[in-house]
Amino acid sequence: MEDDGKYMQEALREARTAGAEDEVPIGAVVVCRGRIIARGHNMTERLHDPTAHAEMIALTAATEALGGKYLDACTLYVTVEPCPMCAAALGWAQLGRLVWGAPDPRRGYTLFSPSLLHPRTEVVSGVLAEECGTLVKDYFKSKR
């Protein structure tokens, strides 16, 4: 869709916020009916919580905004391919559409089990992949 780049830019904004907070720079936004209803970025260090991934933060905010646990009418944009934990949570939420930027060849859900998502979830990968991937690579280079 033509708006995929626009919404991925919003996810990148969240990722930059995470990086500024010394978190792995991954960001996510949830869009429902053409409107951003939730945002999230990695908060694992701040919250001392290994489950506080960008997708999980955005998922919780989105279900709260909608007043229900299903996101079948929503799209989640995330800068990096979700891990299996996040993909499973998105599956339980029956997410309508998932759009991710850079692949995660070490921990991405497609490496382990592409079937973690709901069977009707539409997946689009590679949106602004270079920009999304560079943000994470530069973060880890700065840590070495």
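What you see below is based on every heavy atom in this structure, not just the backbone, and it leaves out hydrogens, waters and symmetry mates. Bear in mind the structure is a predicted one, so any value in this text is a computation, not a measurement.
- Residue pairs meeting the salt bridge (Lys or Arg N to Asp or Glu O under 4.0 Å) criterion with at least one partner in residues 117-127, sequence neighbours excluded, are Arg97-Glu122.
- A 6.0 Å sphere centred on CD of Glu64 holds no more than 12 heavy atoms belonging to other residues, nucleotides or ligands.
- Formation of a donor-acceptor pair under 3.5 Å by the Glu55 side chain with backbone atoms of Ala87 is not found in this model.
- Between Met8 and Thr79 there is a side-chain heavy-atom pair separated by less than 4.5 Å.
- Contact between Pro84 and Gly108 at its shortest, heavy atoms only, is CD-C, 4.4 Å.
- Between the side chain of Thr63 and the backbone N or O of Leu59, at least one donor-acceptor pair lies under 3.5 Å.
- Ring-plane geometry between Trp100 and Tyr109 is classed as perpendicular, the angle between the planes exceeding 60 degrees on a 0 to 90 degree scale with a lower cut at 30.
- Between Thr75 and Leu98, the closest side-chain pair of non-hydrogen atoms is not below 4.5 Å.
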Which is it for Asn42 and Thr44 under the side-chain hydrogen bond (donor to acceptor under 3.5 Å, both in side chains) test, yes or no, and what are the steps along the way? CA-CA 6 Å; Asn42 275 5; Thr44 60; 5.5 Å; no
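- There is no path of hydrophobic side-chain contacts, each under 4.5 Å, that joins Val127 to Leu90.
- Here Arg46 pairs with Glu21 under the salt bridge (Lys or Arg N to Asp or Glu O under 4.0 Å) rule; sequence neighbours left out.
- For the atom pair Thr110 OG1 and Leu117 CG, the distance stands at 10.0 Å (nearest 0.5 Å).
- Taken together through direct or relayed side-chain contacts under 4.5 Å among Ile, Leu, Val, Met, Phe, Trp and Tyr, Leu12 and Val136 form parts of separate hydrophobic clusters.
- For Ala18 against Pro25, the heavy-atom pair with the smallest separation is CB-CA, 4.0 Å.
- Nearest heavy atom pair, residue Ala61 against residue Ala38, reads CB-CB, 3.6 Å.
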Steps toward side chain to side chain contact (heavy atoms under 4.5 Å, CB included) verdict (Asp72, Thr121): CA-CA 8 Å; Asp72 54 310; Thr121 300; over 6 Å; no
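- In this structure, the side chain to side chain contact (heavy atoms under 4.5 Å, CB included) partners of Cys32, at least two apart in sequence or on a different chain, are Ile37, Leu66, Ala73, Cys74.
- In this structure the side chain of His53 never reaches within 4.5 angstrom of the side chain of Ile26, judged on heavy atoms.
- Tyr77 and Leu71 fall into different hydrophobic clusters, defined by Ile, Leu, Val, Met, Phe, Trp and Tyr side-chain heavy atoms under 4.5 Å apart, directly or through other members.
- Remark: Lys143 pairs with Asp22 by the salt bridge (Lys or Arg N to Asp or Glu O under 4.0 Å) rule, at least two apart or across chains.
- The shortest distance between side-chain heavy atoms of Leu76 and Val99 does not fall below 4.5 Å.
- Of all heavy-atom pairs between Leu135 and Ala15, the closest is CD2-CB, 3.5 Å.
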Where do Glu81 and Ser125 land on the side chain to side chain contact (heavy atoms under 4.5 Å, CB included) test, with the steps shown first? CA-CA 8 Å; Glu81 176 187 358; Ser125 60; over 6 Å; no
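- Residue pairs meeting the salt bridge (Lys or Arg N to Asp or Glu O under 4.0 Å) criterion with at least one partner in residues 32-42, sequence neighbours excluded, are Glu10-Arg39, Glu14-Arg39.
- Side-chain contact check for Arg107 versus Asp104: some heavy-atom pair is nearer than 4.5 Å.
- Applying the ring-ring contact (aromatic ring centres under 6.0 Å, His included) test to Tyr139 and every residue at least two apart in sequence or in another chain returns nothing.
- Atom OH of Tyr7 and atom CD1 of Ile36 lie 6.0 Å apart (nearest 0.5 Å).
- Hydrophobic cluster membership differs between Val30 and Tyr70, with clusters built from Ile, Leu, Val, Met, Phe, Trp and Tyr side chains linked at under 4.5 angstrom.
- Val80 and Val123 fall within the same hydrophobic cluster, defined by Ile, Leu, Val, Met, Phe, Trp and Tyr side-chain heavy atoms under 4.5 Å apart, directly or through other members.
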Show, in sequence, the C-alpha distance, side-chain angles and deciding distance for Leu95 and His118, and conclude whether the side chain to side chain contact (heavy atoms under 4.5 Å, CB included) test is met. CA-CA 7 Å; Leu95 181 69; His118 192 273; over 6 Å; no
Test salt bridge (Lys or Arg N to Asp or Glu O under 4.0 Å) on Glu131 and Arg16; report intermediate values, then the result. CA-CA 11 Å; Glu131 188 173 352; Arg16 289 184 195 98; 2.8 Å; yes
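- Between Cys132 and Ala102, the shortest heavy-atom contact is CB-N, 3.9 Å.
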